[in-house]
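Below is one structure, written out as structure tokens; comments come after it.
Residue numbers start from 1 in every chain, and the chains themselves are labelled A, B, ... in the order their sequence lines are given, proteins ahead of strands.
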Amino acid sequence: MSQTSSARPMPADPRTTSAILAERSNSLRHGPDARGRFGIFGGRFVAETLMPLILELEAEWEKAKADPAFKAELDLYFRDYVGRPSPLWHARRLSAELGGAKVYFKREELNHTGSHKLNNVMGQILLARRMGRTRIIAETGAGQHGVATATVCALFGLKCVIFMGATDVERQKPNVFRMRLLGAEVRAVSSGAGTLKDAMNEALRDWVANVHDTYYLIGTVAGPHPYPAMVRDFQCVIGDEARDQMMQAEGRLPDAVVAAVGGGSNAMGIFHPFLDEPSVRLVGVEAAGRGLDSGEQAASISRGRPGVLHGNRTYLLQDAHGQITEAHSISAGLDYPGIGPEHSWLHEIGRAEYVGITDDEALAAFTLCTRTEGIIPALECAHAIAHVAKMAPRMKPEDIILMNLSGRGDKDVATVAAHLGVEL
Amino acid sequence: MSRIAARFARLKQEGRGALIPFLEAGDPDLETSQNILDGMPAAGADLIEIGVPFTDPMADGPIIQAASRRGLVAGATLDRVFDMVRRFRTRDDDTPVVLMGYLNPIESYGPERFCADAARAGVDGLIVVDLPSEEADLLEAHAHAGGLDIIRLVAPTTDAHRLPVVLNGASGFIYYVSITGVTGTRSASEADLVAALPRLRAASDLPVAIGFGVRTPEQAAAAVRVADAAVVASALIDTLAGSLAADGAARPDTARLVLEQVAKLAAGVRGARTLAAADI
């Protein structure tokens, strides 16, 4: 196993170790196929008005991927603007308190804007600029993707419109204000339950109406092809770095990789570079809300079935008639009735496992992490921490869990206070 | 010959274009929407488009979104939609009926069973908004087996390179989405329509219907002067929504008001080419 020297960011071969390994013919990393499918999942289920746009985007993305200048530009922004590489942190007190496996955090919350979202946004904004687009639109749930998008629009002086469910605007006020400070227009979407799904519907409607100048910057590994693959590719920097850092720290791969899953971009980013390592368990943590069988959850894989929404076939929460049902989670970022299509495929082939964590379990993990590590995690990744807290005690002290700490929790402090009955 | 082909052939003989009014199934309740459907041919509908409610109608503006919500609350499942068409067919065996909706309810029902049941109920064609030609193989074979046309959508963004791909395997008629936008938001100018049609005519012999943004009898007339049919949806839903009681329930005149508007639109469509001829 080759080990990258500590002189990151760039090894001599511009490809990462995991990318080189992925060239093996039996790799699980070749997807999607020419139709944008991972097995039966994915595809391009959009109205004809948008088809030419997503085909153009795919062609431009293929060109950019093959262009060393694009990669060099992205690497520069990753290093000097996003602040990459993000550290790998051995969470010693948390590990000691849990007893059992060693827990490592990939510190994506230390990125500029406070989450992993900027990785993808940085990549797509450079692509949008190559394509000559002048107006950027995006959907957001917790506001993390909206803030990241507003940030790069400020950086490049582009017009920015963020669609956010009215319910989320209410429960994520600090992020709404941040986006407005950054110069974005935030449009509250009141259709449906006013959450992430509705924001995405409205963003798609806006795109249809503004095809000539607008770039739709999707924030997760979902939507029509090429978005799931493109967003994944931009987020793979997480797993690529973590893999090299783990080799340096421990001289071996982790036994398990754990990440929270809403749409699934932080999980896909850290899973993908480990897909071809059968010794590494991959665990995606869905939001079980008030309980997997409470009817109020956001666990698309655990409680959904395959269907088509927002441009792709994937696991969806839906009723017997194929009507999409409302998701529930304490975390606005996980409050979505679908999941990226590649996750659906990894579930179906059994390569990754998907579990549920309730609101209450996530809240307990939020305080546990804050108290033991001095890190206030986003409620989204508090779900991953809660599952780590279940796994670690059942593992041996020499076992290693790598967890994606995908966002910081400042935005959630008011929500947590309310749930703990504290008046701010 | 299918009902759709027969109807367009007859209209061609008559030298006039078609009016295709739209109603959302179950809006505002199953009985009222049945009455609207049943009354449409007498009011002047040449073909009828029935919207199948979906929770996430991504190509629709606020007016049809609201209609879709009312239809869902009223319980307009696919089984109920087929019931509506079956009842309609007991009194009208000639007017073509096209279902317009989104893919997921069809996937959930099962594409094969859906096409078989739709055909048996008397449906003639399908417009599935989020099923571009690249993905249409999902439904095509089953639709053909049931004698259903899959109506292809062509948009202003569909370029010359792509048009043959979209029209490959098209049947029934071509639905030209005349604006880049969602339903019920803005209208194409007559000049835009005049400019758009030649490339469609060059690419296909199928009749062309113009939809999205056709609201008034004058706009419907303009549409059939350049194309073969005009689809009117949001303007009729506006009338329906405006007739409802504060609690969203139908009033006694709800169906009548909608049908009167269909009649005005039909008069516009029927007079369109006569007037155009008189102008010359």
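Of the two parts of B:Asp79, neither the backbone nor the side chain holds a non-hydrogen atom closer than 4.5 Å to a non-hydrogen atom of chain A. Residue contact with chain A, scored on non-hydrogen atoms closer than 4.5 Å, involves the backbone and the side chain of B:Phe54 alike. For A:His212, no part sits under 4.5 Å from any heavy atom of chain B, backbone or side chain. When heavy atoms are compared at a cutoff of 4.5 Å, B:Pro156 does not approach chain A at all. For B:Glu135, the parts sitting under 4.5 Å from any heavy atom of chain A are the backbone and the side chain alike. Contact of B:Glu134 with chain A is made through backbone and side chain together, with heavy-atom distances under 4.5 Å.
Of the listed residues B:Val128, B:Ile106, B:Leu138, B:Asp137, the one with more heavy-atom pairs under 4.5 angstrom with chain A than any other is B:Asp137. With chain A as partner, the option from B:Leu72, B:Val154, B:Leu78 having the largest number of non-hydrogen pairs under 4.5 angstrom is B:Leu72. Top candidate by heavy-atom pairs under 4.5 Å with chain B, chosen from A:Leu204, A:Ile324, A:Thr325, is A:Ile324. Put simply, of B:Leu131, B:Thr158, B:Val177, the one with the most heavy-atom pairs under 4.5 Å next to chain A is B:Thr158.
When all heavy atoms of A:Phe45 and B:Pro132 are compared, the closest pair comes out as CA-CD, 4.1 Å. Between A:Pro337 and A:Ala327, the shortest heavy-atom contact is N-CB, 3.9 Å. Considering every non-hydrogen atom in both A:Leu316 and A:Gly307, the closest pair reads CD1-C, 3.4 Å.
Of the listed residues (A:Tyr215, A:Trp207, A:Tyr216), just one forms a side chain to side chain contact (heavy atoms under 4.5 Å, CB included) with A:Leu53, and that residue is A:Trp207.
Using a 4.5 Å heavy-atom threshold, the side chains of B:Thr77 and A:Gln323 count as separate. Between B:Leu47 and B:Phe173 there is a side-chain heavy-atom pair separated by less than 4.5 Å. Here the side chains of A:Pro228 and A:Phe38 are in contact, with some heavy-atom distance below 4.5 Å. With contacts defined as side-chain heavy-atom distances shorter than 4.5 Å, the pair B:Leu23/B:Ile50 qualifies.
Residues of residues 179-187 of chain B lying under 4.5 angstrom from chain A, judged on non-hydrogen atoms, are B:Thr180, B:Gly181, B:Val182, B:Arg186 by number. Interface residues of residues 159-171 of chain B toward chain A, defined by a heavy-atom distance below 4.5 Å and sorted by number: B:Arg162, B:Val166.
Using a 30° and 60° split on the angle between ring planes, A:Tyr315 and A:His347 fall in the perpendicular class, above 60°.
Salt bridge A:Arg313/A:Glu348: absent, no basic N to carboxylate O contact under 4.0 Å. Under a 4.0 Å N-O distance rule, the pair A:Arg205/A:Glu139 does not qualify as a salt bridge. Using a cut-off of 4.0 Å between Lys/Arg side-chain N and Asp/Glu carboxylate O, B:Arg215 and B:Asp238 are scored as salt-bridged. Salt bridge absent: A:Arg305 and B:Glu107 never bring a charged side-chain N and a carboxylate O closer than 4.0 Å. Salt bridge status for A:Arg187 with A:Glu202: absent, with no side-chain N to carboxylate O gap under 4.0 Å.
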